[in-house]
Number of protein chains: 2
Amino acid sequence: MAGTAPTKGRGGMSDQRRHRLRLDVSREASRLFWAQGVDATSGDQIAEAVGLSTRTIWRHFRSKESCAEPIVMRGVEWEMSTLRSWPPQLSLEVHFAAESSKFGREASDVERMDTELAIKMIRLADTEPAIRTAWLMACDQVEREMAEIIAGRLGLPAEDLDVRVHAAAASAALRVLNEHIGAAILEGTDPRDFADAPARIARAVRAATGGAVGDPVTT
Amino acid sequence: MAGTAPTKGRGGMSDQRRHRLRLDVSREASRLFWAQGVDATSGDQIAEAVGLSTRTIWRHFRSKESCAEPIVMRGVEWEMSTLRSWPPQLSLEVHFAAESSKFGREASDVERMDTELAIKMIRLADTEPAIRTAWLMACDQVEREMAEIIAGRLGLPAEDLDVRVHAAAASAALRVLNEHIGAAILEGTDPRDFADAPARIARAVRAATGGAVGDPVTT
DNA sequence: TGAAAGGATGGCATTTAGTGACGCCAATGA
DNA sequence: TCATTGGCGTCACTAAATGCCATCCTTTCA
């Protein structure tokens, strides 16, 4: 998703630039959170690390803990875009496997480092309630995306109760697997040992939706 | 901690008293949150409403928003205890229906008022991120309880990955239905219109676990 | 029954997250 | 060129949250 880089800055320096600025702050904040803990990290420290005034930090983030949000969100961005690009005629297993191997081959170094930071933040969420909020917010985004995709596949509105229930169940299953895999990687498990992860995820999503989501759709 | 000292005995606020105090504070705080919004409610206000000093409030709650936690937790306590009391030989549908009708008959006024407050807090969680944290924490508790129950039914340890995935999916489905029913009740829908709620919940849990959880268990 | 002990509370000072107000400066546009 | 705009920094300030200490209340034991 990040292949586009050069020649930006057109028109106003707003949306994209703002996003990148938030990401820069988030990287430094996450690094500090991981190194010293959340409580031991002050807004002033984050500001100094990223080379901005404290006031500017608060202009871009509602709270200290929310500084972790962009990085955490990056950790689920792959899943979000994978869901978004799921063609109706493919099964979830096939699509996930293909996208996963593509990520393994094509991911940039920055993407890998951000992913690693995201995993650390998810780990921190275990013990730091403040960070847990950010993680759950990201999961909430995944759930909404999931609702859209499921609604499309089932030919129902995204507000339909069954769709929402399926989306919640599927994204919850996805969350647990994410936490599990992330924890294992931090423990030192070789990421290659998770070659079957896409299949496992697909299977979990299929099961969590009672089999309603996973098969190819023929309209 | 060397030697088994008389941990009870003298001094020390009993767990029960502490719990009741937190609940009292939570009732007032929730009432204020609902009436004026979270931001407009100060710690001093909560303290005055409950007749304690502000300092004491901070002794019993880590943060302002966490004052809502006990009430929100009460909103899921029924489900937790219902899950805990689920006999192996009953199907989920039958047990939930029985417990639900029992609650309708036997719930005290205080319980009903607390439940109403909890529903309001869950509603607030839609727009107030601070309260959403409390709601998601409560859902997390339900998920852990669910994992215990599922583990017992499936004869697996609660840490088993499949068990955790099933628990996450099931409790997420439960969460969405809770939010849906709560929102409808606040809109003025007659609670009697939700007579089929237990069946619906049971069905959703069964579906979310891929059918693995719901049937009677014969050991 | 009267200390003694120890936790619970309140008051005060202090730190820190977060906001408001104002001014500066760079980029844009006529 | 000047005026506008918008991001940023500085200062002042509100409110959340913690530490410290004096006090109160309760339980236990002599």
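Since this is a predicted model, take the numbers as computed values, not measurements. Chain identifiers are assigned alphabetically (A, B, ...) following the order of the sequence lines, protein sequences preceding nucleic acid strands; residue numbering begins at 1 within each chain.
- Scored by the salt bridge (Lys or Arg N to Asp or Glu O under 4.0 Å) test, A/E128 finds no partners at all (sequence neighbours excluded).
- A search for salt bridge (Lys or Arg N to Asp or Glu O under 4.0 Å) contacts involving B/R27 returns B/D24, B/D114, not counting sequence neighbours.
- For B/R192, the side-chain contact (heavy atoms from CB on, under 4.5 Å) partners are B/D190, not counting sequence neighbours.
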Which donor-acceptor pairs under 3.5 Å do side chains of residues 173-182 of chain A form with protein atoms, sequence neighbours excluded?
from   : atom 1 : to     : atom 2 : distance (Å)
A/R175 : NH2    : B/E143 : OE1    : 2.6
A/R175 : NH2    : B/E143 : OE2    : 3.2
A/N178 : ND2    : A/E79  : OE1    : 3.1
A/N178 : ND2    : A/E79  : OE2    : 3.1
A/E179 : OE2    : A/W135 : NE1    : 2.8

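- Distance B/R55 CZ to C/dG11 P: 12 Å, rounded to the nearest Å.
- Looking at residues 17-50 of chain B, you'll see B/T41, B/S42, B/G43 sit with a heavy atom under 4.0 Å from some atom of DNA chain D.
- A search for side-chain contact (heavy atoms from CB on, under 4.5 Å) contacts involving A/A195 returns nothing, not counting sequence neighbours.
- In the region residues 58-65 of chain A, proximity to DNA chain D at under 4.0 angstrom, judged on heavy atoms, holds for A/R59, A/H60.
- By the neighbour-count criterion of 12 heavy atoms within 6.0 Å, atom CD of B/E111 is densely surrounded, having more than that number from other residues, nucleotides or ligands.
- Close to D/dG9, at under 4.0 Å from its OP1 or OP2, lies a side-chain N or O of A/S53.
- Remark: B/M73 engages B/V76, B/A138, B/Q141 in a side-chain contact (heavy atoms from CB on, under 4.5 Å) (not counting sequence neighbours).
- Legend: residues meeting side-chain contact (heavy atoms from CB on, under 4.5 Å) with B/S30, ordered by chain and number and at least two apart, are B/S26, B/A68, B/I71, B/L117, B/M121.
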